[in-house]
S.K.: 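Got a structure for you, written out below as C-alpha cells; questions coming shortly.
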Amino acid sequence: MPDNGRMDPEEFRSAGHELVDWIADYRMKVGSLPVRPVVAPGDVLRALPATPPVAADALSDIVADLDSIIVPAITHTQHPRNFAWFPANASLSSVLGDLAAAGLGVLGLSWQSAPALTELEQAVCDWMRQLAGLSDAWSGTILDGASTACLVALLVARERATSSSLRRGGLQQEASPLTVYCSREAHSSVAKAALLAGYGSDNLRLVDAPPPGYEMNPSALAAAMAADVEQGRRPAAVVATAGTTGTTAFDPIRDIAEIAGRHGAYLHVDAAMGGTALLLEERRELLEGVEEADSVCWNPHKWMGMVLETSLYYVRDPAELVGVMATDPSYLRSSVDGAVVQYRDWGIPLGRRFRALKVWFQLRLDGPAAIRARLRRDLANASRLASLVGAHPDWRVLAPVRLQTVCVRHEPEGLGADALDAHTLAWCEAVNATGRAHLTPAKLEGRWMVRISVGAEPTEWDDLEELWTLMREAASERS
Ligand SMILES: *Cc1c(COP(=O)(O)O)cnc(C)c1O
C-alpha cells in the first residue's frame with residue numbers, strides 16, 4: 001500500500017475504519033460460526049505463503065485472508081456457546097483501549113518515558129482495588145498473566161526466606177532447602193513458578209484438597225509444614241488458590257494465612273479466575289482472609305472481560321518487591337527516582353505496554369454497574385443449569401457451583417470406571433463436533449468429567465438451554 005515504506009496517518013484512517021468494521025461484523029456473526037475450528041495440524045501453515053511478501057499488499061487482501069485462513073482456524077472465544085476453559089472476554093470497550101495503547105506507541109521503560117502510563121496504571125489499579133473491596137494496604141501493577149505474578153511472588157518469598165540470598169551466592173549456597181505449598185488442585189503455573197524460582201520439585205508440596213469441595217485441607221497443610229520443619233527444611237511460601245482450574249474451588253485463605261504465619265512463610269493468593277467475584281459484595285466471603293496475604297493476583301482478562309494480558313498483581317509491601325526486582329542501569333537513572341513509581345521494578349520485563357488504557361476504557365465505557373449485572377447474570381445461569389442437570393437421574397453435578405463453573409458427568413447405570421471415562425470423553429467430543437457449543441473435559445480425582453464454564457459476554461440462558469439439549473442428545477446416543 002504505502003510507497004514510502006510506511007503507512008501514513010491518512011492511509012491508517014481509512015484502513016482503520018475498514019478493520020474496525022470488520023471486527024464489528026465478526027462480533028455480530030460469531031454466534032453463527034462453529035465454535036471450535038475444523039482444522040488439522042499444519043492446515044494454516046500450508047495456506048500461508050512459504051516466503052515473505054515481496055511488495056506491499058492491500059488491506060482488503062489481508063482482510064480476505066483473515067476471513068478465509070484465520071477465522072476458520074480459531075476457537076471462537078467470544079462465541080455465546082463457548083463454555084471451554086474459562087471466560088476470556090475481550091470486551092469491545094477494552095479492545096478500544098488496547099487500540100489506543102498501540103496507537104500511542106508509548107515506550108514504558110520508566111516513569112520519565114511516559115509519566116501517564118505509570119500514573120494511569122497507579123490510578124486504575126487503585127480503582128480496581130476499591131471495586132473489589134480490598135483495603136488500601138494494597139498497591140498494584142498490571143502484569144501479563146497470573147503465571148508471571150506467581151513467579152514474582154515466589155521469587156520475593158525466596159528472598160524473604162534467605163535474607164536476600166541473591167545478593168550473595170543465591171540458593172546454591174543455602175544450607176537447608178526451602179519448601180513451597182499449594183493445593184493439588186492449584187494451577188500448573190504454580191508448580192512451574194516454583195521450579196523456575198529454583199525451589200526444585202523435591203521441595204514443592206501438593207496439599208490434599210478433598211471432595212466434596214476440593215479446597216485445600218488446612219490440617220494437611222499444617223502437617224506438611226510441620227513435617228518439613230522437623231526434617232530441617234524451611235517453609236518459604238504458600239500459594240492459596242481462589243477459584244481452582246478444575247472446579248473453581250476456593251481455598252480457605254484465613255486458615256491458610258494463620259498456618260503460613262506460624263512459619264513466617266510468604267502467602268500468595270492466586271485469584272486469577274476467582275478474583276472477579278470480589279466485584280460482587282455478596283461473593284466476597286469466598287476470599288475471606290485475603291487481607292492476610294502478602295500478595296494477590298487477579299486476571300480481569302478472564303471473566304471480567306478485559307483484553308488479555310490484564311493481570312492485576314497487588315502487594316502489601318512494594319519496597320520488598322522492588323528490593324528483589326530492581327536493577328539500576330545508568331541509562332535509566334533520573335532526578336525523580338525515589339519520587340515516582342518505576343513499574344519496571346515490579347516485574348520482569350523492562351519495556352511495558354500501556355496496559356492501563358484497556359482497564360480505563362472498560363471501566364469508563366461499560367461502567368461497573370453493567371459489568372456487575374453481567375456477572376450476576378452468569379452466576380444465576382450457572383446455578384440454574386446446575387439445578388437442571390442435578391435433577392436428572394442419570395446426570396451428576398460433581399462439585400459445588402461456587403461461581404460460574406459447572407462440573408458434570410453423565411452416569412448411566414452399568415458402566416465401569418473405564419467405560420464411564422470413555423463415555424464422558426465421547427459425549428463431550430460429540431457436543432463439540434456439532435460446532436454449536438464447546439466444552440472442555442478435565443480430570444477430577446483421576447476420572448474424566450466435563451467442565452461447563454459459563455460467562456462469555458454474549459451468553460444468555462437460551463444458550464445454556466441449547467447446550468443442555470446438545471448434551472442430552474450426545475450422551476443418550478452413546479449410552
Ligand atoms: C488462568 C489461571 C492461571 C494462569 O493465568 P495466566 O494469566 O494465563 O498465566 C493461574 N491460576 C489460575 C487459578 C487460573 O485460573
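We count ligands from 1, going down the list as the structure has it; atoms in each ligand are counted the same way. We're numbering straight along the sequence, starting at 1. Nothing here was measured: the structure is a model prediction, and the numbers come from that model.
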S.K.: After noting the C-alpha distance and the side-chain angles of R262 and E258, does the key distance pass the salt bridge (charged side-chain N to carboxylate O under 4.0 Å, His left out) rule?
M.R.: CA-CA 7 Å; R262 277 184 228 156; E258 196 267 312; 3.0 Å; yes
S.K.: When you check ligand 1 against the protein, what N or O pairs turn up below 3.5 Å? List the atom names and distances, or just say none.
M.R.:
| residue | atom | partner | partner atom | Å |
| --- | --- | --- | --- | --- |
| ligand 1 | 7 (O) | A146 | N | 2.7 |
| ligand 1 | 7 (O) | N299 | ND2 | 2.9 |
| ligand 1 | 9 (O) | A146 | N | 3.3 |
| ligand 1 | 9 (O) | S147 | N | 2.9 |
| ligand 1 | 9 (O) | S147 | OG | 2.5 |
| ligand 1 | 11 (N) | D270 | OD1 | 3.3 |
| ligand 1 | 11 (N) | D270 | OD2 | 2.6 |
| ligand 1 | 15 (O) | K302 | NZ | 2.7 |

S.K.: Who are the side-chain hydrogen bond (donor to acceptor under 3.5 Å, both in side chains) partners of W138, not counting sequence neighbours?
M.R.: E291
S.K.: May I have all residue pairs that pass ring pair (Phe, Tyr, Trp, His ring centres under 6.0 Å) and include part of residues 177-218, sequence neighbours excluded?
M.R.: none
S.K.: Using salt bridge (charged side-chain N to carboxylate O under 4.0 Å, His left out), reason through D294 and R160 one step at a time and then give a plain yes or no.
M.R.: CA-CA 11 Å; D294 293 290; R160 184 191 284 185; 2.9 Å; yes
S.K.: Could you check whether any side-chain N or O of E185 sits under 3.5 Å from a backbone N or O of M216, counting only pairs where one atom can act as donor and the other as acceptor?
M.R.: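 Judged by distance alone, no pair lies under 3.5 Å.
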S.K.: Who pairs with A430 by side chain to side chain contact (heavy atoms under 4.5 Å, CB included), at least two apart in sequence or on another chain?
M.R.: A474, R478
